[in-house]
Amino acid sequence: MELLSGAEMVVRALRDEGVKYIYGYPGGSLLHVYDALFQQEDVQHVLVRHEQAATHMADAYARATGKAGVALVTSGPGATNAVTGIATAFMDSIPMVVITGQVMSHLIGEDAFQETDMLGISRPVVKHNFSVQRPEDIPSIVRKAFHIAESGRPGPVVIDVPKDMTTPTERYPYEYPKQVKMRSYTPITRGHTGQIKKATDLLLNAKRPVIYTGGGVIMGDASTELTELSRLLNFPVTNTLMGLGGFPGTDRQFIGMLGMHGSYEANMAMHHADLILAVGARFDDRVTNACDKFCPTAKVVHIDIDPASISKTIQADIPIVGPAKVVLEEMIQLVKGSKKQPDADALHAWWQQIDEWRQRHGGRFRTDDSELMKPQQVIEMLSKVTNGDAFVTSDVGQHQMFAAQYYKFNKPNRWINSGGLGTMGFGLPAAMGVKMNFPDDDVACVTGEGSIQMNIQELSTCNQYDLPVKILCLNNQSLGMVRQWQDMNYESRHSQSYMKSLPDFVKLVESYGHVGMKVDKYSDLEGAMREAFALKDRLVFMDIAVDPFEHVYPMQVPRGSMRDMWLSKTERT
């Protein structure tokens, strides 16, 4: 049996797990591991400029592929810098393995240089964490970490590695486990057949149904099954922010995103539905608004891999614990084999009502005769130029909502954004993580002048590793969503929401070796954007001036029902 040091075991185990890229930043506690990385070529390390970016790159890789991304950071501030990225992945159920360096074992608890209790700090925002106590345990720990991260409800796992566990001169037998057996962890692999039959009966008897799906469909690789079931039943489909792309966005049966900034027709349909089939969604507050007013006439069928998510906020009439893909497959077979079919007349009337709601709003927004651009126009142009087929990352705020509303995602895993935690600074490193693994695809980062500055140092990483992403900065010279709330709830007292003394982004980007463009007029937008995407081997930063007074609508009225919305600055349902 081969003898390896602990440091070599870390690298070899990642290789044996099939990892190609790891994203990280070196430091004293991990130098043995970095030396082991240097002496091999199978696992490639990507040097970021900040540890938060490493976790976001790993996170985005996972969102785009469904496989766990890997980040490698040193102890102390390196590890704490990674916490935001770990929490981002945790809130959105994204598989990730983060290896953190730690001071030597005998120094733990002594307030040694760059010591932090990473197990304690990370515990609230990980699916599980490990501390290496013996070097020979490293292969099994790494194997377990990937198994936990990717199975069941996915999530991030931290492996804390004291420096003395990686000493180069101490060698131990290496064998990477082919299988994982954990008595305390047995994720569910199928749903309860009796519950699925009950749910199918409800579906076939519904008069005003809605299929409501979330990120669980994306990460559970269930988009094909969702689409087939929806076609069989001819039911309307709505997605959460995390679920966009799980059902084709240009399909007639798709009624848009739902929730706080969801489409008028999606929110109205949810409120008036008599049956809701929720798949891989957790009924979070950005969807439900006031729980006591949520969908008052609807029966709820809730499918989720995590039993803790079912009936957590909204009581499920028929709970089904299991993987979305497997449960939907069983539902499809039951529907195909049933003599009963959905009530065609009732469904026709339901679709007529939904179409009336579509005609009333349908994603409209006001334009004027000036050349000042609306953010919505920029996203529509992005969809046109990329034929709706790009990977789109975003940061958080108005630009994120405009991207979600106006870019029609027809494929899963193409919309890469921080939904649950709402992390500014996510967009650029996320785009980098996607582009590195999908070099032939268009990757666009939709951001704002506030968010982009949170991790703008990663433009240096893009230059080093030749990552020609396209960055669309919707520049309204303010923290747009903060300002919108101040307009609506604080009589336009714009406390600290203006962004003054902004850099010349074109010059800044050029100083990093990239291409910068400034677009001030709508008439110049299409030509500039086509030029940007034609530069296949260059990162292009488009600084796009947009209307600073534009709001995101619809917007739910706080503490109301799903049908209570602002449709414009002066129009309310």
Side-chain angles (χ1 to χ4, degrees), residues 59 62-63 66 86-96 123-128 148-157 184-192 194-196 198-199 202 210-223 225-226 237-244 246-247 257-260 262 270 273 275-292 294-295 298-328 330-331 412 417-422 562:
D59 177 314
R63 292 176 197 252
I86 295 169
T88 299
F90 179 75
M91 287 291 285
D92 291 342
S93 302
I94 304 302
M96 187 162 69
R123 188 166 290 121
V125 291
V126 294
K127 188 174 177 182
H128 193 64
I148 292 170
E150 294 177 341
S151 61
R153 180 179 181 174
V157 176
S184 58
Y185 178 68
T186 53
I188 294 168
T189 57
R190 62 185 307 266
H192 189 282
Q195 292 292 87
I196 296 172
K198 289 180 183 177
L202 271 186
V210 175
I211 299 176
Y212 147 53
T213 72
V217 168
I218 306 288
M219 296 311 296
D221 190 27
S223 298
E225 290 72 22
L226 168 66
V237 180
T238 180
N239 295 154
T240 66
L241 179 70
M242 294 302 303
L244 292 173
F247 186 83
M257 183 176 71
L258 80 166
M260 176 176 281
M270 286 287 288
L275 177 69
I276 293 169
L277 173 61
V279 187
R282 56 188 178 90
F283 293 90
D284 71 287
D285 61 288
R286 286 303 193 261
V287 164
T288 62
N289 209 351
C291 289
D292 58 340
F294 178 78
C295 304
K299 294 281 188 181
V300 175
V301 176
H302 192 177
I303 303 168
D304 204 286
I305 189 68
D306 182 8
S309 291
I310 295 180
S311 297
K312 183 177 181 180
T313 57
I314 299 298
Q315 189 67 34
D317 295 283
I318 299 182
I320 302 172
V321 180
K325 187 181 185 74
V326 175
V327 174
L328 291 179
E330 194 165 343
M331 276 189 171
N417 85 117
S418 168
L421 195 65
M562 292 201 73

Mark yes or no for whether [X], through its side chain, and [Y], through its backbone, hold a donor-acceptor pair below 3.5 Å.
| X | Y | value |
| --- | --- | --- |
| Thr240 | Gly243 | yes |
| Asp92 | Gly420 | yes |
| Asp304 | Asp306 | yes |

Measuring from [X]:[atom1] to [Y]:[atom2], what's the distance to the nearest 0.5 Å?
| X | Y | atom1 | atom2 | answer |
| --- | --- | --- | --- | --- |
| Ile211 | Leu226 | CD1 | CG | 6.0 Å |
| Asn239 | Leu241 | CG | CG | 10.0 Å |
| Thr238 | Ile276 | OG1 | CD1 | 10.0 Å |
| Met96 | Ile86 | CE | CD1 | 6.0 Å |
| Lys299 | Leu202 | NZ | CG | 7.5 Å |

Heavy-atom side-chain proximity of [X] to [Y] below 4.5 angstrom:
| X | Y | value |
| --- | --- | --- |
| Met270 | Phe294 | yes |
| Tyr185 | Ile148 | yes |
| Val326 | Thr189 | no |
| Met91 | Ser418 | no |
| Leu328 | Ile303 | yes |

_If we count only N and O atoms by modelled type, under 3.5 Å, do the side chains of Arg282 and Ser309 hold a donor and an acceptor together?_
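Result is no, nothing qualifies.
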*Dump the intermediate steps for side-chain contact (heavy atoms from CB on, under 4.5 Å) on Leu258 and Tyr212, then the final yes or no.*
CA-CA 9 Å; Leu258 80 166; Tyr212 147 53; 3.8 Å; yes
Return the minimal non-hydrogen interatomic distance between [X] and [Y], and the atom names on each side.
| X | Y | result |
| --- | --- | --- |
| Ser93 | Arg153 | OG-NE, 2.8 Å |
| Leu277 | Met331 | CD1-CE, 4.1 Å |
| Gly66 | Pro95 | O-CG, 4.0 Å |

_Residue pair Met242, Arg63: steps toward the side-chain contact (heavy atoms from CB on, under 4.5 Å) verdict_ = CA-CA 10 Å; Met242 294 302 303; Arg63 292 176 197 252; 3.2 Å; yes
Could you give the side-chain donor-acceptor pairs of residues 311-323 under 3.5 Å, partners two or more places apart or in another chain?
residue : atom : partner : partner atom : Å
Ser311  : OG   : Ala316  : N            : 3.0
Thr313  : OG1  : Phe283  : O            : 3.0
Asp317  : OD2  : Val300  : N            : 2.7

*Can you tell me if NE2 on His128 sees more than 12 non-hydrogen neighbours from other groups inside 6.0 Å?*
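Count over threshold, so yes.
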*Looking at residues at least two apart in the chain, or sitting in another chain, which of them share a side chain to side chain contact (heavy atoms under 4.5 Å, CB included) with Arg286?*
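Side chain to side chain contact (heavy atoms under 4.5 Å, CB included) list for Arg286, sorted by chain: Met260, Asp284.
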